[in-house]
Participant: 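Before anything else, here's the structure in question.
Just follow the structure's listing: the first ligand is 1, and inside any ligand the first atom is 1.
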Amino acid sequence: MDIAAVNALPYEDFVDVLGNVVEKCPIITAAVWSGRPFLSLAALEAAISEFIDALPESGKEGILRCHPDLAGRDLQSGSLTRESHEEQAGSGMGALNSEEASLMARLNQEYKERFEFPFVICARMHDKENILRQLFARCQNERAVERARGIEEVKKICHLRLQSLVLPDNRL
Ligand SMILES: NC(=O)N[C@H]1NC(=O)NC1=O
């Protein structure tokens, strides 16, 4: 689908197709629909990004809380969204050895206790060693730094999800 086809989608279809570009936050997709027509995929992505940036800090934390833990309960029970499942499987989250799995669970818990939102990272850009290293390092940050960092990662995830749904502008 190209950006012209995206622009032509009625509201319900737009949300059906693009509603999970930010994990479990279809309200963001619903909100940017009124900004169409988008001149390019980049313009659609910018609208999403601006909507997120305009939220109060509590709203940004709410977005982070919509993300499932990496290698967490939802992965074990098979209840991840399709997108999240592909991302987590691709970065090796489903194939942790028992030592890695317990370290991940412990650090995820520690992170959530410290910040009151989960650790978010764009899994497709990292392998499991790297994710564990970043999780360990980021547990040391201040809450405001981590809130901003998590939102940067949400935007990277969104970028890759959009790319897999909408043809890049140079192929129009
Ligand atoms: N917690 C977290 O980072 N979750 C995710 N990251 C990603 O790339 N997909 C996710 O679901």
Side-chain angles (χ1 to χ4, degrees), residues 15-32 41-42 44-46 48-49 51-53 55 57-166 168:
V15 176
D16 274 353
V17 175
L18 298 167
N20 208 45
V21 294
V22 178
E23 179 76 9
K24 294 189 183 150
C25 292
I27 189 174
I28 299 178
T29 307
V32 301
L41 174 56
L44 169 59
E45 187 177 342
I48 293 170
S49 194
F51 181 89
I52 294 173
D53 290 341
L55 290 171
E57 302 311 312
S58 60
K60 292 176 186 153
E61 292 189 359
I63 291 177
L64 297 174
R65 288 189 196 108
C66 287
H67 286 71
D69 280 351
L70 289 168
R73 207 171 38 187
D74 291 349
L75 177 67
Q76 322 305 336
S77 66
S79 56
L80 287 172
T81 61
R82 181 180 49 77
E83 294 89 344
S84 181
H85 181 265
E86 285 172 11
E87 291 155 359
Q88 296 210 27
S91 64
M93 291 296 105
L96 300 179
N97 64 37
S98 62
E99 202 182 321
E100 291 163 339
S102 54
L103 181 59
M104 180 73 79
R106 183 170 64 74
L107 291 174
N108 265 336
Q109 189 56 32
E110 227 173 272
Y111 185 100
K112 266 192 285 196
E113 275 166 19
R114 178 166 164 94
F115 301 116
E116 301 186 304
F117 49 79
F119 171 73
V120 175
I121 191 165
C122 180
R124 281 207 222 170
M125 292 181 168
H126 301 277
D127 58 23
K128 62 179 181 179
E129 286 79 16
N130 211 278
I131 288 174
L132 275 167
R133 214 173 301 126
Q134 298 246 2
L135 173 52
F136 183 76
R138 284 175 50 187
C139 276
Q140 319 302 317
N141 282 338
E142 293 303 316
R143 182 171 179 150
V145 171
E146 264 317 293
R147 189 193 301 123
R149 188 60 211 284
I151 289 295
E152 269 175 40
E153 297 296 319
V154 167
K155 290 180 183 176
K156 290 181 200 164
I157 296 168
C158 176
H159 175 77
L160 294 178
R161 289 184 181 184
L162 278 171
Q163 298 252 314
S164 72
L165 290 168
V166 185

Participant: Give the contacting part of I157 toward ligand 1: side chain, backbone, both or neither, where contact means a heavy-atom distance below 4.0 Å.
Facilitator: side chain
Participant: Show which atoms of ligand 1 fall inside a sub-4.0 Å distance from at least one heavy-atom site of E87.
Facilitator: 7 (C), 8 (O), 9 (N), 10 (C)
Participant: Answer yes or no: is there a donor N or O on one side and an acceptor on the other, between the side chain of E116 and the main chain of K112, under 3.5 Å?
Facilitator: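 No, because the side chain of E116 does not come within donor-acceptor range (under 3.5 Å) of the backbone of K112.
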Participant: Examine distances only and state if a side-chain atom of N20 and a backbone atom of K24 form a donor-acceptor pair shorter than 3.5 Å.
Facilitator: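 Indeed, once roles are kept as given, a pair shorter than 3.5 Å links the two residues.
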Participant: Could you report the tightest heavy-atom contact between F115 and E146, atom names first, then the distance?
Facilitator: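 Minimum heavy-atom separation between F115 and E146: CZ-CG, 3.5 Å.
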Participant: Is the backbone of R161 close enough, under 3.5 Å, to the side chain of S164 for a donor and an acceptor to pair up by distance?
Facilitator: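 It does hold such a pair.
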Participant: Looking at ligand 1, does any of its N/O atoms fall within less than 3.5 Å of an N/O of F119?
Facilitator: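 In this structure, F119 places an N or O atom under 3.5 Å from an N or O of ligand 1.
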Participant: Would you confirm whether Q76, through its side chain, and A71, through its main-chain N or O, come within 3.5 Å as a donor-acceptor pair?
Facilitator: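 Yes; judged by distance alone, with no hydrogens or angles, the pair exists.
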Participant: Supply the atom-to-atom distance K128 NZ to M93 CE, rounded to the nearest 0.5 angstrom.
Facilitator: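 So the NZ of K128 and the CE of M93 are separated by 8.0 Å.
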Participant: Report yes if some N/O of E23 lies less than 3.5 Å from some N/O of ligand 1; otherwise report no.
Facilitator: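 The answer is no, given that E23 and ligand 1 share no N or O pair closer than 3.5 Å.
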Participant: Could you tell me the residue and atom name of the protein heavy atom closest to atom 3 (O) of ligand 1, and the distance to it rounded to 0.1 Å?
Facilitator: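 Heavy-atom neighbour on the protein nearest atom 3 (O) of ligand 1: I121 N, 2.9 Å.
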Participant: Only heavy atoms of V120, strictly under 4.0 Å: list the atoms of ligand 1 that pass.
Facilitator: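 Per the distance check, 1 (N), 2 (C), 3 (O).
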Participant: Salt bridge check, R114 against E110: does any charged N sit closer than 4.0 Å to a carboxylate O?
Facilitator: no
Participant: Out of S91, P68, A123, indicate the one that has the non-hydrogen atom closest to atom 2 (C) of ligand 1.
Facilitator: P68
Participant: Check each atom of ligand 1 against the heavy atoms of C122 and keep those under 4.0 Å away; list them by number with element.
Facilitator: 8 (O)
Participant: Mind checking whether S84 has an N or O less than 3.5 Å away from an N or O of ligand 1?
Facilitator: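 Indeed, backbone or side chain, S84 has an N or O that close.
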